[in-house]
Structure formats: structure tokens, C-alpha cells
Amino acid sequence: MGSFKLGKMTFGSLFKKPETILYPVQTRPAPLGLKGHIQVAIVDCILCGICMKRCPTGAIKVDKPAATWSIDRFRCVQCGSCVRECPKSCLAMDPNYAKPQTQKSIESVSKPTASESSEEEKAAKEALEAKKAAKIKAALEAKAAREKNLT
Ligand code: SF4
Ligand code: SF4
């Protein structure tokens, strides 16, 4: 009786849609409650190393002299301890799947130096000024055109 049931199931599954998908070519939306993977906002990180000390699997490495923060995603067990302990709240769980990888690797990010940050700020300021100048120029041109039409 048991083998008959099993045979029926096996035969039936030949005509059903497969339960699996061709990941990563095909993906499914991340389920609710998925812990996801760790993300760091490196600009806010002060390289204190607390996350490294609290990580139970040694997945995080903080190198203060080199100003780098690294994570071995294959070691991370998504416990969230680093996220809870970070004094600057610059760690978060991204509730999506991490990018698939074919090899074990360590992801490393460098904290931008003070001069790099100020360069970025300077460029953003310049872009804003240029935008403002373009708006003023367009308004003046529109005003001149209106005046020309009135005369
Ligand atoms: S605990 Fe937060 S601030 Fe400290 S090194 Fe880790 S990520 Fe950076
Ligand atoms: S979530 Fe847990 S295991 Fe993963 S890096 Fe943070 S402390 Fe380590």
C-alpha cells in the first residue's frame, strides 16, 4: 500500500510545475521576517570596533589604522548583535537576500578621509549653486521675453 502511494506521488509530480526556481536567474520576493544581511553606513562609523568584539562568529573586522570595516558574509549568522551594539547606529539588517557569490570573499569598505568628505561636500555645494544660478538665469530670460512681448 505504501509503495503504491509513493509511486502515485512520484508519477503525479512528473506533470506538476517544479517547486524550485532557477535562482539567481529567477528570484522570489523576500519573505516577511527575513533577517537579510548586514549593511554599514561607513560615513557614520567611528571604527570603535565594538561590532567586531560582539560578533559571536568573528565575521566582522575593524582596522582602525587602515580605516576599514570588513565582513565575511559566509561567517555571519544574522544574529543582529552588531546592529544592537553599534553606538552610532550605523549598522542595519537589509531585509533582502545578499548578492549570490561563487567564491568565499570578504567585503571591505573604507571610511572616507576628512579631506575626501569635504571634497564631496564641496562638489555638492557647487552643484547646488550651479542649479540656483541656472534657475535665476531662466527667470531673467523669461522676464526679458515677457517685457519684449509687451513693447
Ligand atoms: S560598532 Fe558601529 S561605529 Fe563601531 S566600528 Fe562597528 S560599525 Fe563602526
Ligand atoms: S549579525 Fe551577528 S554574526 Fe552577523 S556580523 Fe553581526 S554580530 Fe556577527
Side-chain angles (χ1 to χ4, degrees), residues 1-140:
M1 183 68 180
S3 56
F4 175 71
K5 258 190 182 175
L6 193 66
K8 203 174 147 194
M9 252 170 62
T10 312
F11 188 71
S13 65
L14 288 175
F15 304 99
K16 278 190 200 152
K17 236 175 97 184
E19 292 292 331
T20 52
I21 56 166
L22 287 172
Y23 183 80
V25 182
Q26 296 173 331
T27 52
R28 282 192 179 136
L32 272 182
L34 181 85
K35 283 192 171 176
H37 58 283
I38 297 289
Q39 291 285 21
V40 62
I42 194 66
V43 177
D44 300 327
C45 174
I46 51 169
L47 301 165
C48 65
I50 291 176
C51 53
M52 177 171 71
K53 286 182 198 141
R54 295 289 187 271
C55 178
T57 60
I60 296 178
K61 188 167 183 272
V62 179
D63 188 339
K64 198 162 185 167
T68 56
W69 184 97
S70 316
I71 185 163
D72 181 347
R73 296 205 182 275
F74 286 87
R75 291 183 83 116
C76 175
V77 291
Q78 285 95 19
C79 67
S81 175
C82 55
V83 177
R84 286 190 298 275
E85 302 288 336
C86 175
K88 300 298 284 179
S89 304
C90 57
L91 292 175
M93 283 282 191
D94 180 342
N96 287 300
Y97 293 114
K99 263 201 296 186
Q101 296 183 3
T102 52
Q103 277 179 359
K104 277 192 175 185
S105 63
I106 291 174
E107 230 175 273
S108 189
V109 276
S110 302
K111 188 172 167 66
T113 60
S115 61
E116 278 171 351
S117 301
S118 61
E119 285 283 314
E120 275 171 24
E121 277 168 21
K122 210 174 134 192
K125 229 178 182 176
E126 279 172 6
L128 201 70
E129 290 300 324
K131 220 173 165 182
K132 266 189 202 167
K135 264 189 185 173
I136 293 168
K137 196 180 163 202
L140 286 174

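We count ligands from 1, going down the list as the structure has it; atoms in each ligand are counted the same way.
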Which residue supplies the protein heavy atom nearest to atom 2 (Fe) of ligand 1, what is that atom called, and how far is it?
Cys86 SG, 2.3 Å

Determine whether more than 12 heavy atoms belonging to other residues, nucleotides or ligands lie under 6.0 Å from atom CZ of Phe11.
no

Gln78 contact mode with ligand 2 (heavy-atom cut-off under 4.0 Å):
backbone

Identify, by atom number and element, the atoms of ligand 1 in contact range of Leu47, meaning under 4.0 Å from any of its heavy atoms.
5 (S), 8 (Fe)

Taking N, O or S atoms only and a limit of 2.8 Å, check whether Cys51 reaches atom 8 (Fe) of ligand 1.
no

Enumerate the atoms of ligand 2 whose separation from the nearest heavy atom of Ile60 is less than 4.0 angstrom.
5 (S)

Show the nearest heavy-atom pair for residues Leu47 and Ala67, with the distance to one decimal.
CD1-CA, 3.6 Å

For ligand 1, which atoms have a heavy atom of Pro87 less than 4.0 angstrom away?
1 (S)

Residue, atom name and distance, where the atom is the protein heavy atom closest to atom 3 (S) of ligand 2:
Val77 N, 3.3 Å

May I ask you to list the atoms of ligand 2 that are less than 4.0 angstrom from any heavy atom of Gly80?
1 (S), 2 (Fe)

Which heavy atom of Tyr97 sits nearest to which heavy atom of Ala30, and what is that distance?
CE1-CA, 4.0 Å

Do Ile42 and Ser110 touch side chain to side chain, with heavy atoms closer than 4.5 Å?
no

Identity and distance of the protein heavy atom lying nearest atom 8 (Fe) of ligand 2
Cys55 SG, 2.3 Å

Within 4.0 Å of some non-hydrogen atom of Pro56, the atoms of ligand 2 are 7 (S)

Any side-chain heavy atom of Val62 sitting closer than 4.5 Å to one from Cys51?
yes

Ligand 2 atoms in contact with Thr57 (distance to a heavy atom under 4.0 Å):
3 (S)

Nearest-neighbour protein heavy atom for atom 4 (Fe) of ligand 2, which is reported as residue plus atom name and distance
Cys76 SG, 2.3 Å

Side-chain heavy-atom pair Lys99, Glu107 within 4.5 angstrom cut-off:
no

If I compare all heavy atoms of Cys76 with all of Ile38, which pair ends up nearest, and what's the gap?
SG-CG1, 4.3 Å

Rounded to the nearest 0.5 Å, what separates atom NZ in Lys111 from atom SG in Cys90?
8.0 Å

Considering the heavy atoms of Cys82, write down every atom of ligand 2 situated less than 4.0 Å from one of them.
1 (S), 5 (S), 6 (Fe), 7 (S)

Confirm or rule out an N/O/S atom of Cys45, from backbone or side chain, lying less than 2.8 Å from atom 4 (Fe) of ligand 1.
no

Drop me the distance from Cys82's SG to Met52's CE, to the nearest 0.5 angstrom.
12.5 Å

Relative to the heavy atoms of Cys79, which atoms of ligand 2 are at a distance of less than 4.0 Å?
1 (S), 2 (Fe), 3 (S), 7 (S)

Atoms of ligand 1 less than 4.0 Å from Leu91 heavy atoms?
7 (S)

Atom CG of residue position Leu32 - does it have more than 12 heavy atoms of other residues, nucleotides or ligands inside 6.0 Å?
no

